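Structure first, commentary second.
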Amino acid sequence: MAAFAQSAPCWVDVQLSDLEAGKRFYGGLFGWTFHAGDGMPFADAYSEGELVAALAAKKDGRMPTTWGVYFSTDDILATVALVRKAGGQVITDPVRAAGAGVLAQAADPGGAVFGLWQAGERAGFEKANAPGAFCWTEVHTRQPERVDAFYEEVFGFRGTDVELPGDDGTAEPFRIWSPAGAEPGEDTAIGGRAVITDAFPEMLPSYFLTYFAVADCDRAAEAAVRLGGRITAPPLDIPYGRMAVLQDDQGAAFAVLQPAELLS
């Protein structure tokens, strides 16, 4: 079992109303295969035989249809205490997921929800930073100063401010996070923070956006539409490659990134 560094993103899952429809969509988009126990309301997703994510049937229809990201912790009780101390909210207290590990859910001061995972028999995903697998996560918030301080205190992240091109061609503020003990910068970054500007409706809440690597961003966007999904931000070149923001056929948002090294 490969171990994850403290506070590193280690797992992603999506909550869906229709689990079988989710399998068809993500199987068609990423080539994932699935395994689920008899009668279990979730399915583990595999890319080329390696565990990459899970699809879960919503227990309550009022729950959001969304992708969630989990950060690794060696001591989930201590991390939950830090969440409260730093001004966050604990949504789900630590609960054991059989022998796989212990999980909790929390929200930062801006309201963005994330998970915590203390590994047991399952460390997290087995494949990352390769086509068909998780490659990045970022929180979108209206309260960057409060949120930056929160993640620095809870996870020990160290930030580096960069500028990314916006939809209108102007630069947008962005902060990349490096884990504690690492030299801050692009080479060590494991996630980031974006600002929700006044250009977006006030009702849009803070959220985490999960990215999956793909071999061809434009083809992935076209495939998502063909499978019943939507393109919410069309393919765009950024310093790290080419990306697009999509929704699946049930409304869960995610992004795809064609890394720069895969651009011809």
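Keep in mind the model is a prediction, meaning the values are calculated, not measured.
The stretch residues 180-194 participates, sequence neighbours left out, in these salt bridge (charged side-chain N to carboxylate O under 4.0 Å, His left out) pairs: Asp148-Arg193. Among residues at least two apart or in separate chains, ring pair (Phe, Tyr, Trp, His ring centres under 6.0 Å) pairs with a member in residues 173-194 are Tyr151-Trp177, Phe157-Trp177. The list of salt bridge (charged side-chain N to carboxylate O under 4.0 Å, His left out) pairs with a residue in residues 123-132, not counting sequence neighbours, reads Glu48-Lys127.
Through side-chain heavy atoms spaced under 4.5 Å, either directly or across other Ile, Leu, Val, Met, Phe, Trp or Tyr residues, Met63 is tied to no other residue.
Not counting sequence neighbours, the partners of Glu20 by the side-chain hydrogen bond (donor to acceptor under 3.5 Å, both in side chains) test are Lys23. By the ring-ring contact (aromatic ring centres under 6.0 Å, His included) test, Phe134 is found to be paired with Phe125, residues two or more places apart in sequence or in another chain being considered. Here Ala223 pairs with Leu29, Arg226 under the side chain to side chain contact (heavy atoms under 4.5 Å, CB included) rule; sequence neighbours left out. For Thr33, the side chain to side chain contact (heavy atoms under 4.5 Å, CB included) test picks out Tyr46, with sequence neighbours left out. Partners of Asp44 according to the salt bridge (charged side-chain N to carboxylate O under 4.0 Å, His left out) rule, which considers only residues two or more places apart in sequence or in another chain, are Arg122. For Arg96, the side chain to side chain contact (heavy atoms under 4.5 Å, CB included) partners at least two apart in sequence or on another chain are Val102. For the side chain to side chain contact (heavy atoms under 4.5 Å, CB included) test, residues two or more places apart in sequence or in another chain that qualify with Asp216 are Asp218, Arg219, Gln258. Shown here are the side-chain hydrogen bond (donor to acceptor under 3.5 Å, both in side chains) partners of Gln247, two or more places apart in sequence or in another chain: Arg230.
At least one donor-acceptor pair under 3.5 Å links the side chain of Gln250 to the backbone N or O of Ser17. A donor-acceptor pair under 3.5 Å is absent between the side-chain atoms of Arg142 and the main chain of Ser206, judged by distance alone.
Hydrophobic clustering of Ile, Leu, Val, Met, Phe, Trp and Tyr side chains at less than 4.5 Å, counting indirect connections, unites Leu257 with Leu236. Trp11 and Ile76 fall within a single hydrophobic cluster, where Ile, Leu, Val, Met, Phe, Trp and Tyr side chains are chained together by heavy-atom contacts under 4.5 Å.
Of the options Tyr26, Tyr211, Phe208, Tyr207, a ring pair (Phe, Tyr, Trp, His ring centres under 6.0 Å) to Trp67 is made by Tyr26 and by none of the others.
The two residues Ser72 and Cys10 have their closest heavy-atom pair at N-SG, 3.7 Å.
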